[in-house]
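Here the structure comes first, spelled out in structure tokens, and everything after it is commentary.
Here is how names work: the chains are called A, B, and so on, in the same order as the sequence lines, proteins then strands, and each is numbered from 1.
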Amino acid sequence: MALEKVLAEKVADLVNLKYGANLSSKEIQIQKTLASFEGDLTVVIFPLLKFSKMNPIQTGQDIGDELVKSLEDVESFNVVKGFLNVVLSNDNWGSTLNAIASNVSFGLLKKSRVQNVMVEYSSPNTNKPLHLGHIRNNFLGYSVAEILKASGHNIIKTQIINDRGIHICKSMLSWQKFANGGTPESEGLKGDHLVGKYYVEFDKHYKVEMAELMDKGMSKEEAMQEAPIFKEAKAMLKKWEQGDKEVVQLWEMMNGWVYQGFESTYKAMGVDFDKLYYESNTYLLGKKVVEEGLDKGVFYKREDGSVWCDLSEEGLDEKLVLRQDGTAVYMTQDIGTAIERYKDFNINGIIYTVGNEQEYHFKVLFLILKKLGYSFYEGLYHLSYGMVELPSGKMKTREGTVVDADDLMKEMIYTASEATKEKGKLDGYSKQEIEKINETVGMAALKYYLLKVDPKKGILFNPEESIDFNGNTGPFILFNCVRTKSLLKKHGDNDYDGIVTSNVSEKEKSIIGKLNDYENIIENAALNYSPAIIANYCYDLAKDYSQFYASHNILNEEDEQIKLFRLNLTSQVGRVLEKALILLGIEVPERM
RNA sequence: GGCUCCGUAGUUCAACUGAAUAGAAUAUCAGAUUUCGGCUCUGAGGGUUGGGGGUUUGAAUCCCUCCGGGGUCACCA
């Protein structure tokens with residue numbers, strides 16, 4: 001609250017004046033008073049003792065006296081150990097609430113220096129459908145982008161589509177061999193699922209061929225290289241890089257299927273992008289830059305023709321940037337992509353939302369760009385997040401233990417529909433409207449479940465818990481938000497401007513305090529790239545409101561002034577909750 | 001093995017970046033309501049914050065060390 005600042009400044013002034021210190025208000029620690037003590041705000045006294053040269057109690061008493069004298073909003077105080085608990089006047093709460101209500105741009109911060117930031121997320125391969133890991137990636141990247149927007153930055157959402165390489169050729173070759181010309185229409189499969197099916201099919205045949213070769217006495221490594229089907233895939237990659245018409249046509253057709261599939265998955269996820277990058281476009285630039293780097297002496301060529309970057313001085317290993325046969329690797333493409341992005345946009349930085357398994361890769365990438373002389377490397381940041389694991393262990397494509405994104409979302413929505421059927425609150429709604437609400441609720445459950453965890457940490461995905469609707473869950477928060485709307489609708493008139501009351505309960509104070517925290521929470525979430533901070537805030541606020549609702553009359557309140565005050569409070573809780581949920585990519589329906 | 005991240009109630013997560021008695025949810029147990037044994041409400045138990053040491057008026061948080069786990073060190077992406 002503005003009052004926290006006022007208080008901090010006042011305390012700093014007092015300490016400077018009385019004890020001859022030289023503190024700024026930022027060095028004064030102010031926190032919310034714990035529920036078990038009397039008071040609203042607490043000044044931590046310990047750090048001030050070296051100036052006051054008195055014990056904590058005396059110092060607290062001393063400062064407290066002055067605060068009551070000089071600040072109108074401070075009604076009284078008490079000192080416990082080294083903590084000065086300040087009790088605020090009742091008028092303060094109403095005016096704080098009104099300040100929030102009348103602030104049209106509440107929750108949208110203004111930055112003195114606006115940054116243009118590119119956020120990359122999703123970054124799929126075009127040889128298989130999206131899975132649970134991508135879901136976390138997408139929700140996280142989307143939400144971080146929204147949070148940064150709210151904190152006052154300009155954001156460009158982007159992805160890099162991994163549409164070329166040996167793995168893509170594997171599914172192409174496999175389709176050629178085994179699909180008999182099957183299309184998404186003829187097989188009745190989403191395009192990305194169809195392509196994924198033949199990618200798996202490739203692996204099956206590959207394994208059989210390897211086993212045969214190993215029976216003949218070959219080592220595993222040899223067999224991997226010598227299996228005919230693998231050699232064919234490699235040949236296809238080479239043809240693709242040479243621009244072979246037939247191969248390119250096949251590539252375009254199958255990627256087209258995949259993009260159609262992705263599009264509907266992204267739509268269901270509720271994510272979007274401002275600009276797409278394709279590795280098939282950027283890898284060539286990467287190759288060119290590697291040539292330049294060779295001239296500059298940043299890279300060196302080995303006898304066999306492969307190109308490397310020596311990072312041993314920086315404490316890392318040597319890194320391959322171009323294969324012996326001159327084809328590009330992952331690193332090559334990423335160098336090209338980064339440069340391209342800075343050419344395309346006037347940006348101050350790029351945030352790469354990529355799993356923590358690639359931390360080493362990005363460390364190396366940023367270092368190489370630095371060595372190449374691109375000063376923009378300073379603005380690059382790897383938003384690294386933990387892997388999603390199942391109770392049964394890791395997800396593995398080949399063992400079929402992957403949780404498919406489309407399947408999972410469908411399940412969540414189904415569970416939501418079962419839950420609403422029981423509650424029966426949707427009478428009078430059309431089938432389409434009900435479907436839309438089920439979608440919203442199901443996705444809210446999934447998004448919240450994945451976003452409430454600190455990005456850095458791994459997630460253990462428990463299917464049963466994820467679809468829970470009680471407790472610390474998305475639907476619980478959503479329900480409270482929807483309830484505020486329905487209350488306000490019932491009351492009709494919604495002009496609560498300037499309502500004050502001298503009768504404010506502890507719960508109400510707590511809620512107003514939390515509402516007032518919202519902008520700090522955004523700032524903090526932006527600073528840490530952490531939707532989890534927003535998610536936890538939403539739950540705290542919703543829980544507080546839920547307890548308030550259970551213990552206070554609102555529409556039934558007889559005192560008109562109090563009733564309006566509580567409606568004002570309700571209105572702001574709904575407003576802030578909805579704003580916060582949107583930052584998580586969660587929509588709020590009118591009813592549920 | 002080198003580098004790196006992590007370890008908090010039975011379980012899943014918090015703790016405003018160093019402050020008061022480490023909080024929720026869930027599970028468990030006990031009551032209340034309900035003839036609906038699954039809903040709702042109230043309450044309780046549950047912790048040496050992996051172990052040990054250090055810095056500090058104060059440590060889950062910072063430093064050292066050991067133990068345990070993940071990731072990564074590919075001419076894969």
Sort me out a list of protein N/O and nucleotides 20-24 of chain B N/O pairs below 3.5 Å, or just none if empty.
| unit_1 | atom_1 | unit_2 | atom_2 | d |
| --- | --- | --- | --- | --- |
| B:rA20 | N6 | A:Thr42 | OG1 | 2.9 |
| B:rA20 | N6 | A:Asn85 | OD1 | 3.2 |
| B:rA20 | N1 | A:Asn85 | OD1 | 3.3 |
| B:rU21 | OP1 | A:Lys81 | NZ | 2.9 |
| B:rA24 | O2' | A:Tyr539 | OH | 3.1 |

Legend entry - nucleotides 36-41 of chain B: protein proximity per nucleotide (B base, S sugar-phosphate only, - neither; heavy atom, under 4.0 Å): ----S-
Inset, instruction - Go through the steps to decide whether A:Asn162 and A:His167 satisfy the test side chain to side chain contact (heavy atoms under 4.5 Å, CB included), and finish with yes or no. - result: CA-CA 10 Å; A:Asn162 201 297; A:His167 53 297; 3.1 Å; yes
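Within the nucleic acid shown, A:Gln29 comes within 4.0 Å of at least one base atom, counting heavy atoms only. A:Leu49 comes within contact range of no nucleotide atom at all, as no heavy-atom separation falls under 4.0 Å. As judged by a 4.0 angstrom heavy-atom cut-off over every strand, A:Pro47 is placed among the base-contacting residues. Backbone-only contact: A:Gly458 has heavy atoms under 4.0 Å from sugar-phosphate atoms and none from a base. Using a 4.0 Å heavy-atom distance criterion, A:Gln324 is classed as a base contact. No contact: A:Asn524 has no heavy atom under 4.0 Å from any strand.
In this entry the distance linking CD of A:Gln358 with P of B:rC3 reads 22 Å, nearest Å. Rounded to whole Å, atom C1' of B:rA25 lies 13 Å from atom CD of A:Gln547. Rounded to whole Å, atom P of B:rC16 lies 18 Å from atom CG of A:Leu41.
Contact check, A:Arg164 against B:rC76: no side-chain N or O comes under 4.0 Å of OP1 or OP2.
A:Phe46 does not qualify as a stacking partner of the B:rG58 base, lacking a centre-to-centre distance under 5.5 Å together with planes within 30°.
Between the side chains of A:Ser122 and A:Asn138, at least one donor N or O sits under 3.5 Å from an acceptor N or O.
Both tests hold for A:Lys447 against A:Phe139: distance to the six-membered ring centre under 6.0 Å, angle to the ring axis within 45°.
Nearest-nucleotide positions on RNA chain B place A:Val44 closer to the 5' end than the other of A:Glu357 and A:Val44.
Comparing B:rA14, B:rA77, B:rC75 by their closest approach to the side chain of A:Leu320 singles out B:rC75.
Residues from residues 360-369 of chain A with heavy atoms under 4.0 angstrom of RNA chain B, sorted by number: A:Tyr360. Scanning residues 300-313 of chain A for heavy-atom distances under 4.0 Å to RNA chain B yields A:Asp304, A:Ser306, A:Trp308.
Side-chain to base pairing of A:Asn528 with B:rU17: one donor and one acceptor N or O lie within less than 3.5 Å of each other.
Listed by chain and number, the residues in a salt bridge (charged side-chain N to carboxylate O under 4.0 Å, His left out) with A:Lys288 amount to none (sequence neighbours excluded).
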Inset, instruction - Map every base of RNA chain B to its dot-bracket character, where paired means a Watson-Crick or G-U wobble contact with both distances under 3.5 Å and | marks a partner outside the strand. - result: (((((((..((((.....[...)))).(((((.......))))).....(((((..]....))))))))))))....
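No more than 12 heavy atoms of other residues, nucleotides or ligands shown are found within 6.0 angstrom of NZ on A:Lys370.
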